[in-house]
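Below you'll find the structure, written out as structure tokens, and then a few comments.
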Amino acid sequence: MAELETDAMIEIKAPVRVRFAPSPTGYLHIGGVRTALFNWLFARHYGGQFILRIEDTDEKRFVEGAADDIMASLRWVGIDWDEGPDVGGPHGPYVQSLRQEQGIYAPYVEQLLAAGHAYLSFTTEDELAQMRAEAEARGVKAFRFRGPERDWPLERQRELAASGRPYTVRLKTPLTGETSFTDLIRGGDRITVQHDQLQDIVLIKSSGMPVYHFAHLVDDHLMGITHVLRSEEWVPSAPYHVLLYQCFGWEAPAFAHVPAILRSDGRGKLSKRKDDVATNRFWERGYLPEAMFNYLALQGWSYDDKTEIMSRDEIVERFTIDRVQASPARWNPDKLRDMNGIYIRRLPVAEVAERMLPFLAKAGLIGDPPSDEDRAYVLQLTPMVHERLEELQQAPELLEFFFRAPQPGAGGYDPALLVPKKTEPSQAHDWLRAVHAALNAVERWDAATLEAALRELGESLGVKPGPLFGTVRVAVSGRTVAPPLFDMLAALGRDEVLARVATAAAALE
RNA sequence: GCCCCCAUAGUCUAGCGGCCUAGGACGUCACCCUUUCAAGGUGAAGAUCGCGGGUUCGAAUCCCGCUGGGGGUACCA
């Protein structure tokens, strides 16, 4: 099934294996989900595998429970993985700290050391910081650290290490020449970096823990990763990775640096300070995972000049790397909202009702868990708010008055709202009395009958439907903006409606 | 500072040398529908395709420079 697909100079060799490798330092922000999604789409489109790997080599920033939270976020939008920490796989474990414990990285460090591609560096963090500060004070344009030990014989490095001096392992980067690589998204042009711009990066910290640059690369190789799709912030460090592959004598995977997502307001990358981007916040607010999936797919990728609403399957079928663009996307909450509304409207009524339940329960409008009567009532109300919903969290606000009678006056609605323009309060009062009588006399309590009755009443009173219905709307809902009046009356029931109309009339006396 | 990447309306994006008097969407505004609000429909405003040079019969599309934006510059990922 693995076909060779050729799109605009881009050849994808199957079978592909890609991965998403988050570090558990907190919740997964929505940009991370987008990067994971692109990897997932790429794998699914080409019939390959998608692997999840937890990169927890930063002991300082590790957050307990973050990995579970990240996995929950991914699952929420519908991203699953073929191999990963929880599901296992032939290349496990899929957590780097565990891999470190098993000694997986050690031989590769030795390999580099033995080949003279890396060395033990005894310069401490503090010393380095001081050197940087001094260099800056002297006006050095760019401080590129290369440890003096890079030229020592390995035995001398090892002797010093054996004496108990703490050390890191650094990559011995070439001093001259250049390294270049191609990026699938940046149109085949090679990205080139001069070696004098590099420095001897740390591969293994003094704690013995590997650093990202080293661990991810060894793991990618061991796990057979064929394509690395990652955020564009990694472009500058890609030369180090290319160099490392060369040092190991391994074939490097193809790189595709996906565009960053920029903040909706102002400048810069998406950040939790300026944007509400914690993934779990979106389900709290009532975003549908299918809408999020669709929106996120469009952050940096497009299908054509007009198609935006696409199903999961359609996106998988259409997703190709040549249609991922190089320029950054910008987070657009309005667009997401709009799209969520579209997805909500496409849902069957019963489904919307079901999805609103938790929000109504949380607001205390129905039981938690909801009773059968609660469910039935919500189902009855749903058509009235269905197309008015852009976020499920709006449901309680929109439906509140169905569960709690609005009260005129302090703490409730302003009785003045009952009085249309160019109308005296006494007139509105009389209308309400007449409405009360008319509704009381209605034989069948359904929307059509109620509408006929009130239209007739309006004619006999010589009042236009607009003002009359407006007054009734406020009396019944406590607000000027509400779902269609007669559906509301029908759902509320005769007793409740009569009571509210009477209360409103009394408020105008 | 240095290095790298990017550049079509307020925003997202189509466009890969002639089909572009630049298409679609969000947002904005108007009208229609209408008991309010939505939804839906119709339409409008909004881009000298960042600027300046080239290449070409012809450039939003290719090249160079500039400017602007973003990213990187950690014993973080």
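No hydrogens, no waters, no symmetry mates; every other heavy atom, side chains included, goes into these values. We name chains A, B, ... by the order of the sequence lines, and we start the count at 1 in each one.
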Query - B/A14 to B/A47 separation - C1' atoms, rounded to the nearest Å - result: 14 Å
Query raised in the report: B/C12 phosphate, OP1 or OP2: any side-chain N/O from A/Gln299 under 4.0 angstrom?
Result: no
Report task. Please work out if A/Ser206 contacts a base, only the sugar-phosphate, or nothing of the nucleic acid, heavy-atom cut-off 4.0 Å. Result -> base
Query raised in the report: Whole-Å distance between B/A25 C1' and A/Lys306 NZ?
Result: 11 Å
Report summary line: Of the listed B/G24, B/C12, B/C4, the closest approach to the A/Ala329 side chain comes from B/C12
Query raised in the report: Roughly how far apart, to the nearest Å, are B/C26 and B/C66 at atom P?
Result: 40 Å
Query raised in the report: Should the pair A/Glu451-A/Arg455 be classified as a salt bridge under the 4.0 Å nitrogen-to-oxygen rule?
Result: yes
**Report entry** Check: A/Thr173/A/Arg146 side-chain N/O donor and acceptor closer than 3.5 Å
**Finding:** yes
Report summary line: With sequence neighbours left out, the residues meeting side chain to side chain donor-acceptor pair (under 3.5 Å) with A/Gln194 are A/Glu178
Query - Between B/A77 (P) and A/Asp219 (CG): distance, integer Å - result: 13 Å
Report summary line: Of all heavy-atom pairs linking A/Arg53 and A/Pro22, the shortest is O-CD, 3.2 Å
Report task. Would you please confirm or rule out a distance under 4.0 Å between OP1 or OP2 of B/C76 and any side-chain N or O of A/Lys205? Result -> yes
Query raised in the report: Between A/Glu390 and A/Arg285, is there a salt bridge with N-O shorter than 4.0 Å?
Result: no
Query - Base paired to B/C51 (Watson-Crick or G-U; both N/O distances under 3.5 angstrom) - result: B/G65
Report task. Give a yes or no on whether a salt bridge exists between A/Lys172 and A/Asp200, defined as a side-chain N under 4.0 angstrom from a carboxylate O. Result -> no
Query raised in the report: Between B/G69 atom P and A/Arg330 atom CZ, what is the distance in whole Å?
Result: 12 Å
Query raised in the report: Are any of A/Gln194's side-chain N or O atoms less than 4.0 Å away from OP1 or OP2 of B/C2?
Result: no
Query raised in the report: Pick the nucleotide of RNA chain B nearest each of A/Phe122 and A/Glu232; which residue has the one closer to the 5' end?
Result: A/Glu232
Query raised in the report: The side chain of A/Arg345 lies closest to which of these nucleotides: B/A14, B/G40, B/C75?
Result: B/G40
Query raised in the report: So what does A/Lys464 hit on the nucleic acid, given a heavy-atom distance under 4.0 Å: a base, only sugar-phosphate, or nothing?
Result: nothing
Query raised in the report: A/Glu55 near the nucleic acid: base, sugar-phosphate alone, or nothing, with a heavy-atom cut-off under 4.0 Å?
Result: sugar-phosphate
Report task. Mind calculating the distance between CH2 (A/Trp234) and P (B/A77) to the nearest angstrom? Result -> 8 Å
Report task. Would you mind classifying the nucleic acid contact of A/Thr471 as base, sugar-phosphate or nothing, using non-hydrogen atoms under 4.0 angstrom? Result -> nothing
Query raised in the report: Atom CD of A/Gln394 to atom P of B/A39: distance rounded to whole Å?
Result: 11 Å
Requested in this report: Respond yes when some side-chain nitrogen or oxygen of A/Arg170 is under 4.0 Å from OP1 or OP2 of B/C75, and no when none is.
Outcome: yes
Requested in this report: Go through B/G24, B/G27, B/C4 for me and flag the one nearest to the A/Glu308 side chain.
Outcome: B/G24
Report task. Using Watson-Crick or G-U wobble geometry with both distances below 3.5 Å, tell me the partner of B/G1, or none. Result -> B/U73
Report summary line: Paired to B/U28 by Watson-Crick or G-U wobble criteria (both distances under 3.5 Å) is B/A44
Requested in this report: Give one of base, sugar-phosphate or nothing for A/Gln199, where a contact means two heavy atoms less than 4.0 Å apart.
Outcome: sugar-phosphate
Report summary line: note: A/Ile185, atom CD1; B/G71, atom P; distance rounded to Å ~ 18 Å
Report task. Please find out if less than 6.0 Å separates the ring center of A/Tyr295 from that of A/Trp331. Result -> yes
Report task. Tell me what A/Leu128 touches on the nucleic acid: a base, only sugar-phosphate, or nothing, going by heavy atoms under 4.0 Å. Result -> sugar-phosphate
Query raised in the report: A/Gln197 CD to B/G1 P: how many Å, rounded?
Result: 14 Å
Requested in this report: Looking at every strand, decide which applies to A/Thr192 at a 4.0 Å heavy-atom threshold: base, sugar-phosphate, or nothing.
Outcome: sugar-phosphate
Report task. Can you sort out which residues in residues 93-100 of chain A have a heavy atom within less than 4.0 Å of RNA chain B? Ascending by number, please. Result -> none
Query - Below 4.0 Å: OP1/OP2 of B/A77 and any side-chain N or O of A/Thr57 - result: yes
Query raised in the report: Does B/A39 have a Watson-Crick or wobble mate here (both distances under 3.5 Å), and if so which one?
Result: none
Requested in this report: Specify the closest pair of heavy atoms between A/Pro85 and A/Tyr94, including all atoms of both residues, with the distance to one decimal.
Outcome: N-CB, 3.6 Å
**Report entry** Salt bridge A/Glu290-A/Arg355, side-chain N to carboxylate O under 4.0 Å
**Finding:** yes
Report summary line: Nearest heavy-atom approach of A/Gln299 to A/Phe38 is O-CZ, 3.4 Å
**Report entry** Gap between atoms CG and P, on A/Asn332 and B/G10 respectively (whole Å)
**Finding:** 14 Å
Requested in this report: State whether A/Arg230 places a side-chain N or O below 4.0 Å from either non-bridging phosphate oxygen (OP1 or OP2) of B/A77.
Outcome: no
Query raised in the report: Between A/Glu149 and A/Arg158, is the closest basic N to carboxylate O distance under 4.0 Å?
Result: no
Query raised in the report: Just wondering, are more than 12 heavy atoms of other shown residues or ligands nearer than 6.0 Å to CZ in A/Arg433?
Result: no
Query raised in the report: Taking the six-membered ring for Trp, are the ring centroids of A/Trp431 and A/Phe469 within less than 6.0 Å of each other?
Result: no
Query - Any A/Lys335 side-chain N or O less than 4.0 Å from OP1/OP2 of B/G27 - result: no
Report summary line: Quick tally for nucleotides 29-36 of chain B: nucleotides whose base has a protein heavy atom under 4.0 Å get B, sugar-phosphate-only ones S, the rest -, giving ------BB
Query - Complement of B/C57, any strand, by Watson-Crick or G-U distances under 3.5 angstrom - result: B/G18
Report summary line: With the side chain defined as heavy atoms from C-beta on, A/Ser327 is closest, among B/C3, B/C6, B/C76, to B/C6
Report task. Tell me which of A/Arg144 and A/Ala260 sits closer to the 5' end of RNA chain B, going by the nucleotide each one is nearest to. Result -> A/Arg144
Query raised in the report: Which nucleotide in the list B/A14, B/C3, B/C75 gets nearest to the side chain of A/Ser302?
Result: B/A14
